[in-house]
Amino acid sequence: MNRRPTLLAAITLTAAAALTLSACGGGDSTKDRNKDSDKIAGADTGTEKPASPSAPEAAAGRPKIELPSDLTYTFEWPKTGDKEKDAVLADSQQFIKAVDMAIAEQDPLHKAYLFYSEGEAAAGSENFIREFVEYKDRITGAKRYYNSNVKISDDGTAGFAYCEDQNKAYNKSLKSGKVAVTEKTKDNYVLYNSRLRVNEEGIWVTEKLTSQRGSAACQS
């Protein structure tokens, strides 16, 4: 059977901080892709799309993120005005891109995503990347992230929930260059839930990450 890696199928782990997201825009993520239902409550709504927080500058040993020109991102993650929350948003963006760079460079142990992740999230990312390496595929197209919601806990960790629209992102064969274009489907809407903490370098690293495909909260 010719099983291909599921596009951005998420690093599915067993545990994550519980957050809630409103059906019209906040961020919650309980990333269990085997679940069909998704109840979301409580995040901000609005019709405007404020600018997302800028990516951290390439300083303090941060790896440079370089991606194929045919892979683009839209982060509809408005700044919160809170320094810690905005840092969570910015470092999470870098983590997402770093995983895609590892896939593009076919390196399951790429230093970039390991810079932004630890523990279960790092292990899950490695397994995810290895699937693409096995089939000599990478990701192309456009990825959109939205409905973000960050909560900082008293213990200094952060819970971060958000949605992803994968309808314009596809697998691309590194051997033939052929793009596996797929139809729009509800399963291309993914709800994520992650837990992060600040490491000694001041980076918000993702420790746990789960996902739920076909999330109703991400389709409104």
Side-chain angles (χ1 to χ4, degrees), residues 1-47 49 52 71-77 89 92-93 95-97 99-100 103 117 120-121 123-132 135 137-151 159-172 179-196 206 208-220:
M1 180 173 62
N2 184 23
R3 183 179 62 83
R4 302 294 292 278
T6 302
L7 175 63
L8 313 176
I11 309 143
T12 302
L13 303 176
T14 57
L19 276 185
T20 56
L21 239 219
S22 99
C24 296
D28 172 32
S29 172
T30 9
K31 266 180 146 179
D32 183 353
R33 60 185 175 188
N34 293 322
K35 292 185 178 180
D36 295 326
S37 63
D38 170 25
K39 303 292 182 182
I40 300 186
D44 294 335
T45 62
T47 56
K49 297 179 181 178
S52 61
L71 178 58
T72 62
Y73 301 80
T74 300
F75 289 96
E76 297 171 5
W77 292 351
L89 294 175
S92 293
Q93 285 187 19
F95 173 49
I96 289 169
K97 291 182 177 181
V99 170
D100 289 347
I103 291 171
S117 64
E120 293 181 24
S125 296
E126 179 184 346
N127 292 334
F128 179 57
I129 295 163
R130 285 189 185 280
E131 285 193 57
F132 283 86
Y135 290 94
D137 278 2
R138 69 169 177 84
I139 301 166
T140 187
K143 300 172 64 180
R144 182 172 72 95
Y145 295 90
Y146 54 102
N147 283 13
S148 59
N149 187 20
V150 184
K151 292 183 180 179
F160 179 36
Y162 57 95
C163 291
E164 179 189 15
D165 178 353
Q166 301 178 357
N167 281 295
K168 295 182 180 180
Y170 313 104
N171 284 10
K172 181 176 182 178
V179 176
V181 177
T182 54
E183 295 182 356
K184 183 175 181 179
T185 170
K186 68 177 184 178
D187 287 339
N188 286 332
Y189 296 97
V190 187
L191 176 64
Y192 294 92
N193 192 6
S194 61
R195 190 182 75 187
L196 304 90
T206 300
K208 292 182 182 291
L209 182 63
T210 58
S211 67
Q212 178 185 340
R213 284 194 167 276
S215 168
C218 295
Q219 297 178 56
S220 56

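We count residues from 1, following the sequence as given.
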Measure the shortest side-chain to side-chain distance between [X] and [Y] over non-hydrogen atoms and say whether it is less than 4.5 angstrom.
X: T74; Y: Y146; value: no
X: L196; Y: F95; value: no
X: I96; Y: K143; value: yes

For the student: nearest non-hydrogen atoms of [X] and [Y], plus distance:
X: A169; Y: I139; value: CB-CG2, 4.5 Å
X: D137; Y: I103; value: O-CG2, 3.8 Å
X: V190; Y: C218; value: O-SG, 3.6 Å

Quick one: list whatever passes side chain to side chain contact (heavy atoms under 4.5 Å, CB included) with [X], sequence neighbours left out.
X: T72; answer: A142
X: V179; answer: T140, Y170, K172, V181
X: K184; answer: N167, Y189

Answer yes or no: is there a donor N or O on one side and an acceptor on the other, between the side chain of [X] and the main chain of [Y], under 3.5 Å?
X: S117; Y: T206; value: no
X: Y162; Y: V150; value: no
X: Q219; Y: G214; value: yes

Ring geometry between Y145 and Y73 (parallel below 30°, tilted from 30 to 60°, perpendicular above 60°):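 Parallel, since the angle between the ring planes stays under 30°.
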Contacts of type salt bridge (charged side-chain N to carboxylate O under 4.0 Å, His left out), residue D187, not counting sequence neighbours: none
